[in-house]
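Notes follow once the structure below has been shown.
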Amino acid sequence: MAKSSSVQKNLNRLKLIKKLSEKRKILKSKIMDKNLSLEERLQFQNKLNDLPRNSSSIRHRNRCEITGRPRGNYRKFGLSRIKIRELSMTGDLPGVVKSSW
């Protein structure tokens with residue numbers, strides 16, 4: 001199990017990302033607009049810089065839904081490689097079978 005504080009911090013980041021994603025998207029589109037003057041674009045860049053760092057989607061870490069493990073995760077299941085193996089061996093993951101050839 002991962003530290004509960006790390007998992008909670010990641011959940012707080014996810015909430016902040018969802019809350020400010022639209023605002024970030026608008027500011028980024030205005031920054032990339034070549035029709036605006038350089039001064040206006042710099043003002044929008046400063047507004048984007050004033051937003052919290054944790055509101056950037058790149059700061060979210062994919063973690064296992066069960067254990068909170070940060071590494072070896074499969075996006076399709078939202079689980080770590082260890083939990084996928086355990087659950088598939090017990091038959092709790094539908095459609096997943098052990099391969100043999």
Side-chain angles (χ1 to χ4, degrees):
M1 290 292 287
K3 287 174 37 177
S4 59
S5 62
S6 299
V7 174
Q8 190 61 42
K9 189 188 301 183
N10 204 38
L11 291 175
N12 289 339
R13 283 181 182 151
L14 191 60
K15 287 179 190 173
L16 199 57
I17 289 167
K18 288 181 180 177
K19 179 181 174 185
L20 295 174
S21 66
E22 193 61 35
K23 189 172 185 177
R24 289 183 72 86
K25 185 189 286 185
I26 292 169
L27 286 173
K28 283 185 178 186
S29 67
K30 289 181 180 178
I31 290 168
M32 297 302 288
D33 186 9
K34 302 293 183 187
N35 296 330
L36 297 176
S37 68
L38 184 62
E39 291 80 23
E40 290 175 325
R41 291 168 60 192
L42 284 174
Q43 287 176 352
F44 289 127
Q45 181 67 48
N46 289 334
K47 286 182 182 179
L48 184 66
N49 290 342
D50 290 340
L51 292 177
R53 283 187 177 178
N54 284 338
S55 66
S56 175
S57 62
I58 199 72
R59 294 181 63 103
H60 178 256
R61 180 78 171 157
N62 290 333
R63 291 185 171 269
C64 176
E65 293 293 324
I66 298 172
T67 62
R69 180 181 167 86
R71 297 183 177 189
N73 287 307
Y74 287 79
R75 288 185 200 151
K76 183 175 181 178
F77 300 104
L79 300 173
S80 69
R81 59 184 176 82
I82 299 165
K83 281 296 168 184
I84 286 178
R85 180 177 167 84
E86 290 175 3
L87 293 174
S88 63
M89 291 298 167
T90 59
D92 292 335
L93 284 179
V96 178
V97 293
K98 186 176 179 191
S99 66
S100 60
W101 59 93

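Residues A2 and G68 come closest through the heavy atom pair CB-O, 3.3 Å. Counting all heavy atoms, side chain and backbone alike, I17 lies closest to S57 at CD1-CA, 3.7 Å. Taking every heavy atom of both residues into account, T67 and S80 meet most closely at OG1-OG, 4.2 Å. Of all heavy-atom pairs between S55 and L20, the closest is CB-CD1, 3.6 Å. Looking at every heavy atom in both residues, L16 comes nearest to P52 through CD2-CB, 3.9 Å.
Residues F77 and M89 fall into different hydrophobic clusters, defined by Ile, Leu, Val, Met, Phe, Trp and Tyr side chains chained together at heavy-atom separations under 4.5 Å. L79 and I82 fall into different hydrophobic clusters, where Ile, Leu, Val, Met, Phe, Trp and Tyr side chains are chained together by heavy-atom contacts under 4.5 Å.
Here the CZ atom belonging to R13 is positioned 11.0 Å from the CG atom belonging to L11, to the nearest 0.5 angstrom. For the atom pair CZ of F44 and CD1 of I31, the computed distance is 8.5 Å after rounding to the nearest 0.5 Å. Distance check: K47 NZ to N49 CG gives 12.5 Å after rounding to the nearest 0.5 Å. Note that the CG atom of L27 and the NZ atom of K25 stand 12.5 Å from one another [nearest 0.5 Å]. Note that the CG atom of D33 and the NZ atom of K30 stand 9.5 Å from one another [nearest 0.5 Å].
Sorted by first then second residue, the salt bridge (charged side-chain N to carboxylate O under 4.0 Å, His left out) pairs that include residues 55-83, not counting sequence neighbours, are K83-E86.
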Considering only distance and modelled atom types, tabulate donor-acceptor pairs under 3.5 Å from the side chains of residues 91-101, sequence neighbours left out.
from : atom 1 : to  : atom 2 : distance (Å)
D92  : OD2    : T90 : OG1    : 3.0

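A donor-acceptor contact shorter than 3.5 Å links the side chain of S29 to the backbone of I26.
Taking the side-chain contact (heavy atoms from CB on, under 4.5 Å) definition, one finds that K28 meets it with R24, L48, sequence neighbours left out.
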